K.L.:
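Got a structure for you, questions after.
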Amino acid sequence: MRQTPLRESQYGFEKYKILFDKKGLLNLSMKIQSYGSPWENTKYYLFDINDDTEIGENLFINKKMLLNLCNKKIKNQVGKCFNMKSLSQYKINTNNMGKGVDISFIFYDKSGYPQYLALFKWKEIENFISKKYKNLLLQE
């Protein structure tokens with residue numbers, strides 16, 4: 001860790017949390033901090049362990065329409081819209097049996113802090129999930 005690019009850029013991570021781990025899909029959150037600063041943030045990642053890849057926005061289809069729905073949900077919550085460009089930050093929320101029940105999209109303000117959350121139940125989001133991953137996410 002001493003000689004990695006993360007350390008050279010004065011960032012590090014404090015801890016991680018596994019949010020979803022099923023059928024070769026791993027969703028985790030990672031707390032990132034800036035050395036010598038109070039700034040810290042949480043980033044979310046979804047990996048396909050079988051393909052050794054980060055899935056990110058590739059989990060979704062019809063991204064433009066999904067971004068519009070996120071914007072509508074946030075506008076209903078906080079009364080304003082803002083420019084959303086990415087669906088890469090999300091977490092799969094599970095019940096106590098480990099089954100995915102919904103997805104929370106996290107959007108950041110200009111300073112980089114998470115500000116807005118758009119929550120979608122499975123019934124709302126399932127038509128936006130790519131076929132490659134839909135069955136893996138919805139299986140018991």
Side-chain angles (χ1 to χ4, degrees):
M1 186 80 169
R2 290 180 189 232
Q3 297 178 1
T4 65
L6 190 63
R7 187 171 201 72
E8 290 169 8
S9 65
Q10 298 298 308
Y11 290 94
F13 73 92
E14 290 182 349
K15 61 182 175 180
Y16 68 92
K17 181 177 179 184
I18 295 173
L19 304 167
F20 182 86
D21 184 6
K22 190 175 184 181
K23 306 285 186 190
L25 299 179
L26 176 66
N27 184 215
L28 59 91
S29 66
M30 186 178 298
K31 288 232 184 246
I32 298 173
Q33 67 181 34
S34 175
Y35 295 124
S37 168
W39 182 87
E40 74 175 32
N41 201 348
T42 302
K43 294 292 184 178
Y44 300 88
Y45 300 94
L46 180 64
F47 297 100
D48 184 335
I49 303 300
N50 300 320
D51 291 343
D52 195 27
T53 57
E54 181 182 349
I55 297 170
E57 287 189 330
N58 294 325
L59 180 64
F60 307 105
I61 57 173
N62 299 326
K63 295 174 193 147
K64 188 173 182 179
M65 185 185 294
L66 184 53
L67 278 169
N68 286 334
L69 289 174
C70 289
N71 211 348
K72 285 180 185 179
K73 281 189 176 261
I74 290 170
K75 184 176 182 181
N76 288 338
Q77 291 170 19
V78 297
K80 65 179 180 177
C81 294
F82 68 102
N83 191 10
M84 295 183 209
K85 296 180 181 176
S86 174
L87 294 166
S88 66
Q89 294 296 296
Y90 55 88
K91 60 182 178 177
I92 299 170
N93 303 305
T94 59
N95 62 18
N96 56 1
M97 304 274 289
K99 182 181 179 197
V101 292
D102 53 45
I103 293 180
S104 298
F105 291 95
I106 298 91
F107 297 98
Y108 298 82
D109 65 9
K110 292 177 183 176
S111 67
Y113 285 101
Q115 286 294 116
Y116 307 102
L117 183 95
L119 178 70
F120 289 86
K121 297 289 182 194
W122 280 119
K123 293 290 182 199
E124 295 176 284
I125 195 79
E126 65 184 345
N127 292 330
F128 292 99
I129 297 175
S130 75
K131 285 184 180 184
K132 180 176 182 180
Y133 301 111
K134 185 184 280 191
N135 290 335
L136 294 173
L137 287 170
L138 298 176
Q139 286 178 354
E140 290 289 330

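Since we're looking at a predicted model, the values are computed, not measured.
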K.L.:
Would you sort out whether K63 and N58 count as a side chain to side chain contact (heavy atoms under 4.5 Å, CB included), showing the intermediate values?
P.N.:
CA-CA 9 Å; K63 295 174 193 147; N58 294 325; 4.2 Å; yes

K.L.:
Could you tell me which non-hydrogen atom of S88 sits nearest to which non-hydrogen atom of E57, and how far apart they are?
P.N.:
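Heavy atoms of S88 and E57 come nearest at N-CG, 3.5 Å.
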
K.L.:
L26 and M30: same hydrophobic cluster, using ILVMFWY side-chain contacts below 4.5 Å?
P.N.:
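Same cluster: L26 reaches M30 through Ile, Leu, Val, Met, Phe, Trp or Tyr contacts under 4.5 Å.
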
K.L.:
With a 3.5 Å distance limit and no angle check, can you tell me whether K15 reaches the backbone of K31 through a side-chain donor-acceptor pair?
P.N.:
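Flag not set: sc K15 to bb K31 has no pair under 3.5 Å.
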
K.L.:
I want to check something: taking the side chain as every heavy atom from C-beta on, are F128 and F120 in contact at a cut-off of under 4.5 Å?
P.N.:
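They are not in contact (no side-chain heavy atoms under 4.5 Å apart), so the answer is no.
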
K.L.:
Count I, L, V, M, F, W, Y as connected when their side-chain heavy atoms are under 4.5 Å apart, and connections chain through other members. Are I49 and L28 then in the same cluster?
P.N.:
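Yes; tracing contacts between hydrophobic side chains, which count when under 4.5 Å, links both residues.
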
K.L.:
Side chains of L87 and C70, heavy atoms from C-beta outward: is any pair under 4.5 Å?
P.N.:
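Yes, close enough: below the 4.5 Å cut-off.
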
K.L.:
Drop me the distance from I129's CD1 to N62's CG, to the nearest 0.5 angstrom.
P.N.:
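If we round to the nearest 0.5 Å, I129:CD1 and N62:CG are 12.0 Å apart.
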
K.L.:
Once rounded to the nearest 0.5 Å, what's the spacing between atom CG of L25 and atom CG of L19?
P.N.:
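Between atom CG of L25 and atom CG of L19 there are 13.0 Å.
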
K.L.:
Could you walk me through whether I125 and F105 pass the side chain to side chain contact (heavy atoms under 4.5 Å, CB included) check?
P.N.:
CA-CA 11 Å; I125 195 79; F105 291 95; 3.8 Å; yes

K.L.:
Less than 4.5 Å apart, any side-chain heavy atom of Y44 and any of L46?
P.N.:
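Contact flag for Y44/L46 side chains = no.
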
K.L.:
How far does CD of Q89 sit from OG1 of T42, to the nearest 0.5 angstrom?
P.N.:
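It comes to 9.5 Å.
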
K.L.:
Roughly how far, to the nearest 0.5 Å, is CG of N68 from NZ of K75?
P.N.:
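Spacing of NZ (K75) from CG (N68) equals 12.0 Å.
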
K.L.:
So, N27 side chain and Y45 main chain: donor-acceptor pair closer than 3.5 Å or not?
P.N.:
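Confirmed, N27 side chain pairs with Y45 backbone.
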
K.L.:
If you measure from CG on L117 to CD1 on I74, what distance do you get to the nearest 0.5 Å?
P.N.:
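Going from CG on L117 over to CD1 on I74, the span is 7.5 Å.
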
K.L.:
Begin with the C-alpha distance, continue with both residues' side-chain angles, and end with the deciding distance and a verdict on side chain to side chain contact (heavy atoms under 4.5 Å, CB included) for L67 and F107.
P.N.:
CA-CA 11 Å; L67 278 169; F107 297 98; 4.1 Å; yes

K.L.:
Under a 4.5 Å cut-off applied to non-hydrogen side-chain atoms, are I92 and W122 in contact?
P.N.:
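Yes, their side chains come closer than 4.5 Å.
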
K.L.:
Measure the CZ-CG distance between F47 and D21 for me, rounded to the nearest 0.5 Å.
P.N.:
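Output value for this atom pair is 12.0 Å.
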
K.L.:
Can you hop from I61 to L137 via hydrophobic side chains spaced under 4.5 Å?
P.N.:
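As far as the 4.5 Å side-chain criterion goes, L137 and I61 are not connected within one cluster.
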
K.L.:
Please examine the side chains of K132 and D51, heavy atoms only from C-beta on, and report whether any two atoms are closer than 4.5 Å.
P.N.:
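Yes, close enough: below the 4.5 Å cut-off.
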
K.L.:
Assess whether atom CG of D52 is packed by more than 12 heavy atoms of other residues, nucleotides or ligands within 6.0 Å.
P.N.:
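No.
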
K.L.:
Decide yes or no on side chain to side chain contact (heavy atoms under 4.5 Å, CB included) for K91 and K17, but give the supporting numbers first.
P.N.:
CA-CA 11 Å; K91 60 182 178 177; K17 181 177 179 184; over 6 Å; no

K.L.:
Indicate if L119 and V101 have the same hydrophobic cluster label, given that clusters are the connected sets of ILVMFWY residues with side-chain heavy-atom separations under 4.5 angstrom.
P.N.:
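They do not share one cluster, since no chain of ILVMFWY contacts under 4.5 Å joins L119 to V101.
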
K.L.:
So, do K134 and N127 sit near enough that their side-chain heavy atoms are less than 4.5 Å apart?
P.N.:
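The answer is yes, as the side chains (C-beta and beyond) meet within the 4.5 Å cut-off.
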
